[in-house]
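Here the structure comes first, spelled out in structure tokens, and everything after it is commentary.
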Amino acid sequence: MSSETNLPTRQRRVNSNFITEIIDEDLRQRRYAKIVTRFPPEPNGYLHIGHAKSICLNFGLALDYGGECNLRFDDTNPETESIEYVDAAKRDVQWLGVQWARELYASDYFERLYEFAVQLITDGKAYVDSLSDEEISEYRGTVTQPGKPSPYRDRSVEENLELFRHMRDGGFPDGAHVLRAKIDLASRNMKLRDPVLYRIVHAPHYHAGDAWCIYPLYDFAHPLSDAIEGISHSICTLEFENNRAIYDWLLENLRGKCGLPHAPRPYQYEFARLNLDYTVLSKRKLIKLVDGRHVQGWDDPRLPTLSGVRRRGVTPEAIREFCYRIGVAKTNSRVDLGIFEAAVRDDLNHRAPRVLAVLRPLKVVLTNYPGGKVEQLEAPYWPHDVPKEGWRQVPFSRELYIERDDFMEHPPKGFHRLVPGGHVRLRHAYVIRCDEVVKNASGEIAELHCTYDPDTIGKNPAGGAPKGTIHWVCAPHAVKAEVRLYDRLFGVADPEAGGGEFTAYLNPASLTVVEGYVEPSVLQDPPATRYQFERLGYFWQDPEDSRPGDLVFNRIVTLRDSWTKAQRK
RNA sequence: UGGGGGAUCGUCUAACGGUAGGACGACGGGCUCUGGACCCGUUAGUGGGGGUUCGAAUCCUCCUCCCCCAGCCA
């Protein structure tokens, strides 16, 4: 299977899909000198991993085919857009590790777009309509009934030109007139029933300032922006399939005019947007979660926003790998969260040094260990299967903390951890035996009295290897830390299904905060270090809230856990 | 009831008239001072009916189901 990319499949940023096939054919036919794509966010919300799919696709194709990809802000609606979102989007795109050829704004084309509109009017292909928005809606008909022409549809070119100029000059209030394409009121495609091209909005624009009081709509601005930039392949999502007819109509009527080349021209292709289990990927719903204080901001680590997953600790490489794995197609689909988590774990497994931390401490006293003694044990950062080297010292003394879950007074079958009278290996340290369970007045387990076997560093005791190894932290040296345990944001796979308000399905346990202990070596590390807390998961310090004397860790993702899985059966 | 799209293992995705493959998962085994990782194996799919063909996921036909379209949002 030869390809125009000349790249072996494994080195491609984008798995072959229906779009790469189109590009291969276009290149074979020499329709374009090079491929040019664009990522066109509207700056009215934060980017999320659905956008990451589009970013990886558009920038990935540019890389694979030696073309280029622009970052273009599709900013034609002054009432919802702001510079905050532009800055956030740029930050997120850069963080993802892609590089745009040019940073562009549709609003920079407003003057050219105006000229295109005048050209359409001059050609008798657009007219100023003075119906109200309700009337326009009525006149448009329904999916089964054709629309009927507005009484203003046959205004003269001169009158249209005059009116349109006055629209621009500010002579009319909002909604008084619109500019419409003169296409076909009876079209089976509703989008073609004389779509509105311009509306009057007396509002300043965050980028264009107060230069305009008329603004183009997406259907007008987008294809022409593509054409201005020399885009070859304009990739968008499935819900724009019907809009493609307007896209083509505009470019066919304007190509070769107003400075646009006759050829080549861009073509639009649509792929299925990403849906991910247990979360929502729609700007409207994300805004609602943020504004409704269901989460603590756009960068809340539970959110699927790029700023959220970044703060959570997920790396851009993991996001890109995820996008590579899920592929691109036209089928509406919903991706299993497991695919995302697997990509995150695969990335972190080779990136994160292992350290010991205890989230729900249970004190262990080693009754046969000398009171004032402290040993420094050498512990490797990496397991045998990760080809990296490095060690740190971990202190060991008479009092330790272990995980409460790692001790059971009445264990079920198959429990390989500490039990009364049983042995267990302390990771990188000794084998201990539990001699006594000490309880408080209310009958809860307060601490464990154990004895250690001094001859078990690096070797097994005479009685044979214990069944389990558990993690621990030396009590007098333990570093206290707040640990934020994140779980899925919603309790159901598809919060948008089933009717009702989607916020009703929010998972009340999406955030659990515990006070735990981490081994003291982490104090020596750069704060952005990502760790595996052995047997618990991957963690890093929260970039916003963690302080040198007041550590806060986020759980990025858990480890696969075949024990609890087996327990459920 | 109109138009535009889409249907392949549980999930995502390949195949371009010639052995239905991969990833995630699940299941079983191995290894292991992490119940992690890794290794091996197994499971499991072409929505349905006709037709063309030596041969069909792929071409034709009928049907079913799903998504999108009646914003002066994108």
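Letters A, B, ... mirror the listed sequences (proteins, then strands); counts begin at 1. All values derive from a computational prediction rather than experimental measurement. The analysis underlying the following values was restricted to heavy atoms, covering all of them including side chains, and did not include hydrogens, waters or symmetry mates.
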With a 4.0 Å limit, can you tell me whether A:Ser16 has a side-chain N or O closer than that to the phosphate oxygens OP1/OP2 of B:A14? no
Give the rounded distance in Å between these two atoms: CD of A:Glu378 and C1' of B:C33. 16 Å
Students often get this wrong, so: under 4.0 angstrom with heavy atoms, is A:Leu131 touching a base, only sugar-phosphate, or nothing? base
Atom NE2 of A:His471 to atom C1' of B:G36: distance rounded to whole Å? 12 Å
Donor-acceptor pair under 3.5 Å: do we get one between A:Arg188's side chain and the base of B:G4? no
Under 4.0 Å between any heavy atoms, over every strand shown, what does A:Arg140 touch: base, sugar-phosphate, or nothing? Just pick one. sugar-phosphate
Looking at A:Ser562, does any N or O in its side chain come under 4.0 Å of the phosphate oxygens OP1/OP2 on B:G36? yes
Would you say the ring centers of A:Phe533 and A:Phe539 fall short of 6.0 Å from each other? yes
Specify the separation, in whole Å, of atom CZ of A:Arg193 and atom P of B:G2. 13 Å
Check the distance between B:G4's P and A:Phe271's CZ and give it to me in whole angstrom. 23 Å
In whole angstroms, the gap separating C1' of B:C12 from CD of A:Glu321 amounts to 13 Å
Return whichever of A:Leu559 or A:Thr144 has its heavy-atom-nearest nucleotide of RNA chain B closer to the 5' end. A:Thr144
I need the OH-P distance between A:Tyr381 and B:C33, as an integer number of Å. 22 Å
List in numerical order all residues of residues 213-229 of chain A for which some heavy atom is under 4.0 Å away from an atom belonging to RNA chain B. A:Leu217, A:Tyr218
Validation row, ring centre A:Tyr85 to ring centre A:Tyr46 under 6.0 Å: yes
How about A:His222 and A:Phe240: are their ring centres within less than 6.0 Å of each other? no
Spatial distance of atom CH2 (A:Trp472) from atom CG (A:Leu426) [nearest 0.5 Å]: 7.0 Å
Qualifying residue for side-chain contact (heavy atoms from CB on, under 4.5 Å) with A:Tyr247, from A:Asp226, A:Asp219, A:Leu224: A:Asp226
Pairs in or reaching into residues 382-394 of chain A: which pass side chain to side chain donor-acceptor pair (under 3.5 Å), with residues at least two apart or in two chains? A:Arg392-A:Glu519
Spacing between A:Glu135 atom CD and B:G71 atom C1', to the nearest angstrom: 16 Å
Both A:Gly414 and A:Asp133 contact RNA chain B. Taking the nearest nucleotide for each, which residue is further toward the 5' end? A:Gly414
Write out a two-atom table: protein N or O, nucleotide N or O from nucleotides 5-8 of chain B, distance below 3.5 Å.
residue, atom, partner, partner atom, Å
B:G5, O2', A:Glu241, OE1, 3.3
B:G5, O2', A:Glu241, OE2, 2.5

With a 4.0 Å limit, can you tell me whether A:Arg199 has a side-chain N or O closer than that to the phosphate oxygens OP1/OP2 of B:A74? yes
Which atom pairs link the protein and nucleotides 9-11 of chain B when you take only N or O atoms and keep those under 3.5 Å?
residue, atom, partner, partner atom, Å
B:U11, O3', A:Arg334, O, 3.3
B:U11, O2', A:Arg334, O, 3.3
B:U11, O2', A:Asp336, N, 3.4

Grab the CD1-C1' distance between A:Ile432 and B:C33 for me, whole Å please. 14 Å
Filtered N/O pairs between nucleotides 38-47 of chain B and protein, under 3.5 Å:
none

Base-paired stems in RNA chain B, each at least three Watson-Crick or G-U pairs under 3.5 Å: B:2-7 with B:64-69, B:10-13 with B:21-24, B:26-30 with B:38-42, B:47-51 with B:59-63
